[in-house]
Amino acid sequence: MATVLAACNGDSSTPPSSAPADSGAVSAAAVNTTNVAGEPEKAAYKDSDFATDWTQENPVYIKLNGAAATIEGTGAKAKDKSVAITSPGTYVVSGTWEDGQITVEVADTEKVRLVLNGADLTNKSGAALYIKEADKATIVLQEGTTNKISDGANYAAAGTSDDEPNSAVYSKADLTLTGTGSLIVRGNYNDGLTSKDDLKITGGTIEIHAVDDGLLGRDQVAVKDGTIAIEAGGDGIKTTNDTDSSKGSIAIEGGSFRIKAGSDGLQSAAAIRIDGGTYDIVAGGGSANGAVRTGNDRPGSRGGPNTAQQQQTATEDSPSTKGIKAATTILVTSGTLTIDSRDDAVHSNGSIAIAGGELRITSGDDGIHADTSIAITGGTIDIAKSYEGIESSEITITDGIIRLVASDDGLNIAGGNDGSSVGGRPGQNNFTAASQGKLVISGGSLTVDAAGDGLDSNGSIDMSGGTVIVNGPTSSGNGALDYDGTFTISGGTLIAAGSAGMAMAPSEQSAGRSVLMTFSQTKAAGTAVELKDGSGNVVVSATPSKAYQTVVFSSPALKQDTAYTLYAGGTKIVDFNISGSVTWLNESGVTSGRSVGPGGAGGNPGMNRGRGTGTGMERPAP
């Protein structure tokens, strides 16, 4: 158990050195999305989305010079500080436009390519680039050039219509950005770069500063490649179509992202799929701005307030400040994501599936939250700070390396409503009934450091494989393990250390063997505890990183009708025999019931919590 010993006492901010290297994107067939309703699809691309060579296309040249423009070719006209493009084709834009606008208006079956070749566009009273109508517009960022587009703080034709321009670059058609040059966008009025249809990025270095949202695609935002930096007062990247079930998604396969958002980093009206890329996201000023709370004052938590008025006030008074947020589904198969968020780091009103990649999370609320289900089948997840680490109605872990630190519960199978939401619409963030919730662990490595409950299920827990290490609470009001239904264990290694007041062990009907040891006095952090067999061989051991009074051991190495000796700090504590599925142990030996509390006093842990009866824990007190 050397690796278990190291994992239990290691630095929670660094994933174990045995973490597998990211092997890249995982094919859809390889992603286990059993618990995901409607796996989000990858974006579809055409060759034209990547085409950057325009020299053979007989382009029209638009040369800007302050407040004037010279046009070489047909299809565009300059008049009164505006250039109107009215024919399909390729247009090469260069020079400075001090206070004017370029518009594109062609048939909705026609395409226009705009090559930005050292262009600096400013419109003080509206969108600097306005694509009124087209089938598709493509912006090519010419190699070796830096291009700039900005609008003013006040629009001459400002209104409330959803179709009126409100960003420096505004398109009512599908919009693609490609090339190897750079583009700096300043949205001084509202948003930075908007498409009312699909927005795709396949290359370029793009920097956006926006009063509100940075990149916005109503129907889709898709990124294949590029270097993108966004500083936005609202959301960093956003989709808004929540009326068509086939639209409103974010799909990213590569690129580099640095996002600093006053609200959400990525916000989708539907699903988010991440198949690669590198992300550095700060949302709402980061976790340092998160609410300071105890384990019982969160809306929806046991013992805490949960009135409709309180939840409504929280939604109305404060913006959503999540790292990555989706209304339906989030799927991560690859990529490196570093998220520092004021609210949840990864949040879905539906399901979340993590099949690969590396997530480094610092959160002022939940590390990972989904209303319906979370399935973790691979990857490395390091939650260095959170209120609750991972929370959903159902959590399934089959593979991967997970390490988390929580000021309340580590893993929480919740019942009732969560206090945070996507948009705050009625019916969101409603968990399933508590009795239906379930935590299933069949593989992987999970290390939990929790000030509240370590593994907390308002329903049941099932463990058949993997390694789970819990450095649990030091206060008597919480337990390293906490469940309302049953905790059946049939495989894998479980080590859970914590306080004694509410300690629980796996259920009696488990096929695997487990031992719950209660010490007469609290042991200091770093005090090793070992189980040795009759020959003096260490069968299972751990070195908890926090003070503890109880330890639960479960391992396939524990055998029925076999004698063991428990040591703590190198000192022999007690000899005992395993004669059932759960052995309740104190310093005097095996008890006839639960050995919980100072000196192994009998008790009924798990009761008196204002919760349902733990059916798997019902055995008479000694």
Side-chain angles (χ1 to χ4, degrees), residues 1-10 16 18 20 376-378 395-403 410-411 438-448 454-455 457 460-472 480-481 483 486-498 503-517 528-544 548 550-568 573-585 590 595 616-617 619:
M1 299 299 298
T3 55
V4 173
L5 177 63
C8 193
N9 199 35
S18 59
I376 300 173
T377 62
I395 300 174
T396 302
I397 301 172
T398 61
D399 202 354
I401 297 174
I402 306 166
R403 306 189 66 168
L411 267 67
K438 194 169 188 179
L439 169 62
V440 178
I441 302 172
S442 60
S445 172
L446 171 64
T447 303
V448 174
L455 306 183
S457 177
S460 60
I461 302 175
D462 181 272
M463 182 174 175
S464 60
T467 299
V468 176
I469 299 169
V470 178
N471 291 292
L481 305 176
Y483 56 95
T486 60
F487 182 172
T488 56
I489 186 165
S490 58
T493 298
L494 169 68
I495 301 173
M504 301 177 77
S507 300
E508 296 285 352
Q509 55 265 55
S510 296
R513 306 288 177 240
S514 58
V515 175
L516 190 155
M517 172 64 192
V529 57
E530 300 174 315
L531 290 181
K532 295 184 180 181
D533 61 19
S535 301
N537 300 311
V538 176
V539 177
V540 60
S541 67
T543 305
Y548 63 96
T550 63
V551 180
V552 175
F553 292 102
S554 184
S555 167
L558 298 177
K559 306 299 181 183
Q560 181 78 356
D561 300 322
T562 303
Y564 296 95
T565 302
L566 186 140
Y567 292 80
I573 302 298
V574 63
D575 294 316
F576 67 97
N577 275 26
I578 290 181
S579 57
S581 59
V582 181
T583 300
W584 304 87
L585 190 65
V590 177
S595 69
M617 296 297 297
R619 61 179 297 173

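We number each residue from 1, following the sequence as shown. This one's a predicted model, so the numbers in the text were calculated from it and none came from an experiment.
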Do [X] and [Y] touch side chain to side chain, with heavy atoms closer than 4.5 Å?
| X | Y | answer |
| --- | --- | --- |
| Ile397 | Leu411 | yes |
| Tyr564 | Thr583 | no |
| Ser445 | Ile402 | no |
| Thr562 | Ile578 | no |
| Leu516 | Pro506 | no |
| Val582 | Ser510 | no |
| Lys559 | Arg513 | no |
| Met517 | Val529 | no |

Testing Ile469, Leu494, Val468 for side chain to side chain contact (heavy atoms under 4.5 Å, CB included) with Leu446, which one passes? Val468
Could you tell me whether the side chain of [X] and the main chain of [Y] form a donor-acceptor pair under 3.5 Å?
| X | Y | answer |
| --- | --- | --- |
| Ser581 | Glu508 | yes |
| Asp533 | Ser535 | yes |
| Ser457 | Ser460 | yes |
| Thr543 | Ala528 | no |
| Ser514 | Ser554 | no |

Between Val538 and Lys532, which heavy-atom pair has the shortest distance, and what is it? CG2-CE, 3.9 Å
Looking at [atom1] of [X] and [atom2] of [Y], how far apart are the two atoms once the value is rounded to the nearest 0.5 Å?
| X | Y | atom1 | atom2 | answer |
| --- | --- | --- | --- | --- |
| Ser555 | Ile495 | OG | CD1 | 8.0 Å |
| Ser507 | Ile461 | OG | CD1 | 8.5 Å |
| Ile376 | Ile401 | CD1 | CD1 | 12.5 Å |
| Tyr483 | Leu439 | OH | CG | 12.5 Å |
| Met463 | Thr488 | CE | OG1 | 11.0 Å |
| Leu531 | Phe553 | CG | CZ | 4.5 Å |

Does either side chain, that of Asp575 or that of Thr565, offer a donor lying less than 3.5 Å from an acceptor on the other one? yes
